[in-house]
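Quick caveat, the model's predicted, so the values are computed rather than measured.
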There are 2 protein chains.
Amino acid sequence: MTANILVVEDEPAIQELLALNIKQAGYNALRSLSAEHAQQLLRETLPDLILLDWMLPGMSGIEYARRLKSDNLTKSIPIIMLTARGDEYDKVRGLEVGADDYVTKPFSPRELNARIKAVLRRRAPQMTDDPIEISGLSLDPTTHRVTGNNVNIPLGPTEFRLLHFFMSNAERVHSRTQLLDKVWGDRVFVEDRTVDVHIRRLRNALMASNHQDLIQTVRGSGYRFSAQSSEQAG
Amino acid sequence: MTANILVVEDEPAIQELLALNIKQAGYNALRSLSAEHAQQLLRETLPDLILLDWMLPGMSGIEYARRLKSDNLTKSIPIIMLTARGDEYDKVRGLEVGADDYVTKPFSPRELNARIKAVLRRRAPQMTDDPIEISGLSLDPTTHRVTGNNVNIPLGPTEFRLLHFFMSNAERVHSRTQLLDKVWGDRVFVEDRTVDVHIRRLRNALMASNHQDLIQTVRGSGYRFSAQSSEQAG
DNA sequence: TAAAATATGACAAATTCATGACAATGATTT
DNA sequence: AAATCATTGTCATGAATTTGTCATATTTTA
């Protein structure tokens with residue numbers, strides 16, 4: 001699942017440039033010319049990141065950012081502000097309002113990508129392309145390969161996403177419902193118990209390199225991917 | 001066929017410097033002293049990248065950039081603007097017009113090369129036209145020839161481009177949409193499933209030298225060109 | 001031991017992919 | 001100009017894989 005990035009920018013040329021850049025980087029770009037229109041889009045899909053121009057017609061970017069951050073539904077969506085000048089004052093205000101980062105125009109595409117990646121890494125690590133290695137188990141999103149002690153481990157699509165999520169959020173317990181949200185997607189209706197089956201399938205596959213114990217059951221709560229055995233305390 | 005880079009710069013000394021630098025880096029340099037002359041050159045060959053000075057006699061660089069970006073034929077050619085040092089306003093306008101990056105004068109050759117490389121790679125990694133050899137399969141972009149274990153393998157145009165892209169971006173998984181963007185071109189409307197057919201045609205051709213397994217299907221994601229068998233990891 | 005929660009095996013439905021056929025297009029030759 | 005050939009995109013079909021659910025163990029907890 002690639003990250004959805006919403007661009008709110010009234011200047012068509014810059015919007016186009018941003019969208020292009022985002023697409024190039026392998027993300028999905030949604031666009032809006034105004035805060036008002038953006039608000040409508042949010043009703044359909046919640047993006048994983050918002051690029052927000054400081055200067056907007058109608059509701060200003062700064063005002064919109066504040067509003068996004070005060071709404072429980074959108075509060076957790078990271079925001080990168082686009083500011084025209086290297087004005088310290090703007091930056092301060094931007095961060096005050098809750099923006100996660102800012103980029104000053106003109107920006108180099110590379111810088112923009114770096115910041116997007118950094119922000120995504122913080123909030124939705126499994127959306128980034130970084131390879132992960134834990135206890136001899138490696139997962140590489142770009143090649144779509146999983147190896148345990150250098151032995152290839154074939155996985156179905158769902159198991160791959162599941163493992164990817166687990167490894168990006170290791171050591172934490174995830175309820176079945178959370179897993180369904182994060183791995184299957186928001187608007188899917190699937191039985192909670194189905195998760196159990198996929199856990200089993202994943203464990204089964206991981207047995208090839210004896211990594212099956214990395215997936216731990218937390219009775220009454222859910223599952224956890226952990227490098228520490230559940231036998232001993234950390 | 002190395003990448004052709006067109007330098008549009010009215011100052012002969014700087015033009016010389018740029019051209020030298022470009023040649024040093026292994027690209028092919030075309031030169032123009034004015035936008036008007038550049039326009040003529042474009043009729044013969046479309047370069048893979050344009051270095052465009054902001055200040056030009058006659059039609060200004062910024063104006064020319066806009067024109068290039070509004071013409072369907074040249075729209076997709078990346079542009080790097082050369083701007084006078086620290087002129088914030090120029091940069092903004094440059095990016096507005098659709099430039100892909102900018103370099104401020106005076107520039108270090110290293111920086112310039114880095115940016116050229118970055119832009120080219122982003123745009124078309126397979127443009128770097130060194131011959132490629134993987135697992136006994138060779139592709140030479142200059143001669144437009146493919147051989148498997150020294151046996152000639154005839155390919156249609158699309159299959160050739162497809163293989164070229166695969167070999168220049170080996171090991172990575174590419175979705176059908178990505179392949180359409182990169183191999184067919186951005187603004188082409190073609191069914192996703194059409195990729196499957198061309199994959200088959202390519203595999204078919206590669207069977208001549210038993211290289212068909214280099215093209216791997218990654219269910220649910222796309223395709224991958226990989227020297228590693230999907231059974232075992234290296 | 002009973003109750004609750006999880007693991008597992010089986011299976012049918014759904015999805016995804018491979019493949020062959022075919023028509024449209026454009027280039028080349030007759 | 002007509003005919004031939006190569007290339008390309010689309011579709012229909014069948015094969016293969018994946019996936020969600022259920023029924024039935026098995027384990028854990030009280």
Side-chain angles (χ1 to χ4, degrees), chain A residues 1 144 146 152-166 173-207 212-226 230-231, chain B residues 144 146 152-166 173-208 212-226 230-231:
Chain A
M1 248 203 283
H144 218 271
V146 175
N152 190 54
I153 297 179
L155 290 180
T158 304
E159 278 70 59
F160 184 89
R161 287 201 309 274
L162 184 57
L163 181 60
H164 190 188
F165 177 76
F166 269 136
V173 180
H174 307 283
S175 74
R176 291 175 175 73
T177 306
Q178 282 172 332
L179 287 173
L180 284 177
D181 277 358
K182 299 289 192 170
V183 178
W184 272 254
D186 286 332
R187 53 194 85 267
V188 188
F189 173 64
V190 169
E191 289 291 324
D192 264 25
R193 284 292 150 202
T194 297
V195 173
D196 297 28
V197 178
H198 283 275
I199 290 282
R200 167 175 148 274
R201 285 170 182 159
L202 180 52
R203 279 175 174 156
N204 240 355
L206 293 183
M207 277 173 55
Q212 71 285 126
D213 293 335
L214 291 177
I215 313 271
Q216 300 171 358
T217 304
V218 181
R219 201 183 167 80
S221 299
Y223 297 94
R224 168 177 56 201
F225 183 99
S226 172
S230 52
E231 305 303 315
Chain B
H144 220 266
V146 176
N152 188 52
I153 296 179
L155 288 181
T158 305
E159 278 69 57
F160 183 86
R161 287 201 309 276
L162 184 57
L163 181 60
H164 190 186
F165 177 75
F166 268 135
V173 176
H174 308 283
S175 73
R176 290 174 176 73
T177 306
Q178 283 172 332
L179 288 173
L180 284 177
D181 278 358
K182 301 289 193 167
V183 178
W184 273 254
D186 283 332
R187 59 195 108 269
V188 188
F189 173 65
V190 169
E191 289 290 323
D192 264 25
R193 284 293 152 201
T194 296
V195 174
D196 298 28
V197 178
H198 283 274
I199 290 283
R200 168 173 149 277
R201 286 169 181 160
L202 180 52
R203 278 177 175 155
N204 242 354
L206 293 183
M207 275 173 57
Q212 71 284 126
D213 292 335
L214 291 177
I215 313 271
Q216 301 172 357
T217 303
V218 181
R219 194 161 244 267
S221 296
Y223 295 95
R224 166 178 58 200
F225 183 99
S226 172
S230 48
E231 305 304 315

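Every residue two or more places apart in sequence or in another chain that forms a side-chain hydrogen bond (donor to acceptor under 3.5 Å, both in side chains) with A:His198 is listed here: A:Glu159. Looking at residues two or more places apart in sequence or on another chain, you find no side-chain hydrogen bond (donor to acceptor under 3.5 Å, both in side chains) involving B:Asn204. Checked against side-chain hydrogen bond (donor to acceptor under 3.5 Å, both in side chains), B:Arg193 has the following partners two or more places apart in sequence or in another chain: B:Asp196. In this view, A:Phe165 and A:His174 satisfy the ring pair (Phe, Tyr, Trp, His ring centres under 6.0 Å) rule, not counting sequence neighbours.
Between the side chain of B:Arg203 and the backbone N or O of B:Ile215 there is at least one donor-acceptor pair closer than 3.5 Å.
The NE2 atom of B:His198 sits 16 Å away from the C1' atom of C:dC17 (whole-angstrom rounding). At whole-Å resolution of the value, CG in A:Leu202 and P in D:dT19 are 12 Å apart. Rounded to a whole Å, the CD atom of B:Glu159 is 14 Å from the P atom of D:dA6. A:Met207 places its CE atom 14 Å from the P atom of C:dA7, with the value rounded to the nearest Å. Taking atom CD on B:Glu191 and atom P on D:dA12, their separation rounds to 11 Å, with Å as the unit. Spacing between atom CG of A:Leu206 and atom C1' of C:dA7 amounts to 16 Å, rounded to whole angstrom units.
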Nucleotide N/O to protein N/O under 3.5 Å, stretch nucleotides 23-30 of chain D:
| from | atom 1 | to | atom 2 | distance (Å) |
| --- | --- | --- | --- | --- |
| D:dT28 | O2 | A:Arg219 | NH2 | 3.4 |

Could you go through nucleotides 18-28 of chain C and list every protein N or O atom that sits under 3.5 Å from one of its N or O atoms, giving the distance for each pair?
| from | atom 1 | to | atom 2 | distance (Å) |
| --- | --- | --- | --- | --- |
| C:dA18 | OP1 | B:Arg203 | NH1 | 3.0 |
| C:dA18 | OP1 | B:Thr217 | OG1 | 2.5 |
| C:dA18 | OP2 | B:Tyr223 | OH | 2.5 |

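The shortest distance between the side-chain N/O atoms of B:Trp184 and the OP1/OP2 oxygens of D:dT8 is not below 4.0 Å.
Side-chain contact between B:Leu214 and B:Phe166: absent, with no pair of heavy atoms (C-beta onward) separated by less than 4.5 Å. Taking 4.5 Å as the limit, every side-chain heavy atom of B:Val195 sits out of range of all side-chain heavy atoms of B:Thr177.
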Carefully, step by step, assess A:Arg201 and A:Val197 under the rule side-chain contact (heavy atoms from CB on, under 4.5 Å).
CA-CA 6 Å; A:Arg201 285 170 182 159; A:Val197 178; 3.5 Å; yes
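With DNA chain D read from its 5' end, the first of the two nearest nucleotides for B:Asp192 and A:Val195 is the one closest to B:Asp192.
The distance from atom NE2 of A:His144 to atom OG of B:Ser226, rounded to the nearest 0.5 Å, is 13.5 Å.
A:Thr194 comes within 4.0 angstrom of a base, heavy atoms only.
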